[in-house]
Amino acid sequence: MGIKKNILVDGKEVPFKASAAVPRLYRLKFGRDIYRDFASLEDSVRQDAEKHANEEEKQSTLDIESLEMFENIAYIMARHADPENVPNEPDEWLEQFNMLSIYEVLPQLVELWGLNMQTKVQAKKNIAQLTGK
């Protein structure tokens, strides 16, 4: 099931999908925990934005690890949404873009992930109501 959303990336509509399978897909592909990576990434981006809040032109000072986490999360969610058209490797997928802006795309991925998590919580509540547990 899951939730799909098209996000504008470098002028192209790209489908992304969040579901219960994403953490497993991420772990199998990258050997990392997506929950930790999402939390770490959000924290890094927030700190970077606060650091450059008064500057007219944002110059990202995010570390390479944060950028790679972002690219990997975006890749897994895109591949999950459209496995037939997204290559097997993130590098190949990234080749189709001139730029993948973390500041434009990440907030939308976080929102999509949040909507998926909200749906899971509501489903658990409904099951509890039906079963009386």
Side-chain angles (χ1 to χ4, degrees):
M1 205 165 145
I3 299 174
K4 274 179 121 174
K5 177 181 181 178
N6 286 346
I7 297 174
L8 195 62
V9 178
D10 196 30
K12 290 175 64 173
E13 287 281 327
V14 178
F16 290 89
K17 183 177 179 182
S19 78
V22 168
R24 180 177 173 80
L25 296 169
Y26 189 79
R27 186 176 57 252
L28 289 172
K29 184 71 173 174
F30 302 110
R32 298 180 59 96
D33 181 332
I34 196 168
Y35 295 105
R36 283 188 188 157
D37 285 356
F38 246 132
S40 173
L41 186 55
E42 286 181 278
D43 192 45
S44 294
V45 169
R46 182 184 40 76
Q47 288 176 9
D48 189 57
E50 287 172 0
K51 190 170 159 183
H52 300 290
N54 296 328
E55 297 175 14
E56 277 188 37
E57 218 176 288
K58 282 189 178 179
Q59 287 294 107
S60 175
T61 55
L62 287 173
D63 58 271
I64 296 299
E65 185 178 354
S66 294
L67 293 172
E68 188 173 349
M69 278 190 281
F70 162 66
E71 292 164 350
N72 291 345
I73 289 169
Y75 165 77
I76 285 294
M77 293 175 83
R79 178 140 172 90
H80 187 44
D82 192 10
E84 295 83 28
N85 295 311
V86 174
N88 289 328
E89 294 302 319
D91 294 345
E92 294 173 39
W93 178 69
L94 289 166
E95 279 291 322
Q96 69 182 309
F97 308 111
N98 290 320
M99 186 170 142
L100 181 64
S101 172
I102 191 168
Y103 294 102
E104 293 174 15
V105 177
L106 182 63
Q108 295 182 74
L109 292 180
V110 168
E111 178 186 3
L112 178 61
W113 187 250
L115 290 172
N116 180 63
M117 297 303 289
Q118 184 179 26
T119 301
K120 282 175 44 178
V121 169
Q122 288 173 350
K124 285 182 184 178
K125 285 181 184 177
N126 291 340
I127 289 171
Q129 290 171 351
L130 291 173
T131 61
K133 294 182 181 179

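The structure presented is a predicted model; accordingly, all values stated were derived computationally and were not measured.
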inquiry  = Once salt bridge (charged side-chain N to carboxylate O under 4.0 Å, His left out) is applied, what residue pairs with a partner in residues 63-79 remain, sequence neighbours excluded?
reply    =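 The answer is R32-E65.
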task = Determine which pairs satisfy salt bridge (charged side-chain N to carboxylate O under 4.0 Å, His left out) with at least one residue from residues 86-115, sequence neighbours left out, and list them in order.
result =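 Of all non-adjacent pairs touching residues 86-115, those that pass salt bridge (charged side-chain N to carboxylate O under 4.0 Å, His left out) are K5-E111, K29-E89.
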query = Should we say atom CD1 of I64 is surrounded by more than 12 heavy atoms from elsewhere, each under 6.0 Å from it?
reply =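 Atom CD1 in I64 is not crowded, with 12 or fewer foreign heavy atoms closer than 6.0 Å.
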request  = Scan I76, N6, I7 and name whichever one has a side chain to side chain contact (heavy atoms under 4.5 Å, CB included) with F16.
outcome  =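 The passing option is I7.
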Heavy-atom closest pair, residues [X] and [Y]:
| X | Y | value |
| --- | --- | --- |
| D82 | P15 | CB-CG, 4.1 Å |
| A18 | W113 | CB-CE3, 3.8 Å |
| V9 | M99 | CG1-O, 4.2 Å |

Point-to-point distance, once rounded to the nearest 0.5 Å, from [atom1] of [X] to [atom2] of [Y]:
| X | Y | atom1 | atom2 | result |
| --- | --- | --- | --- | --- |
| I73 | L109 | CD1 | CG | 8.0 Å |
| W93 | N72 | CH2 | CG | 10.0 Å |
| M69 | L41 | CE | CG | 5.5 Å |
| Y26 | Y35 | OH | OH | 12.5 Å |
| F30 | L25 | CZ | CG | 10.0 Å |
| L100 | N98 | CG | CG | 11.0 Å |

inquiry  = With a 4.0 Å cut-off on N to O distance, would you call R46 and E42 a salt bridge?
reply    =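 No, no charged N to carboxylate O under 4.0 Å.
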ask   = Between Y75 and L94, is a side chain to side chain contact (heavy atoms under 4.5 Å, CB included) present by the stated rule, with each step listed?
value = CA-CA 8 Å; Y75 165 77; L94 289 166; over 6 Å; no
key: Verdict with reasoning, I3 to K17, per side chain to side chain contact (heavy atoms under 4.5 Å, CB included)   = CA-CA 6 Å; I3 299 174; K17 183 177 179 182; over 6 Å; no
task = State whether the side chain of K4 and the backbone N or O of A81 hold a donor-acceptor pair below 3.5 Å, judged by distance alone.
result =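 Answer holds: yes.
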Pair F97-V14, side chain to side chain contact (heavy atoms under 4.5 Å, CB included): steps then yes or no = CA-CA 11 Å; F97 308 111; V14 178; 3.8 Å; yes
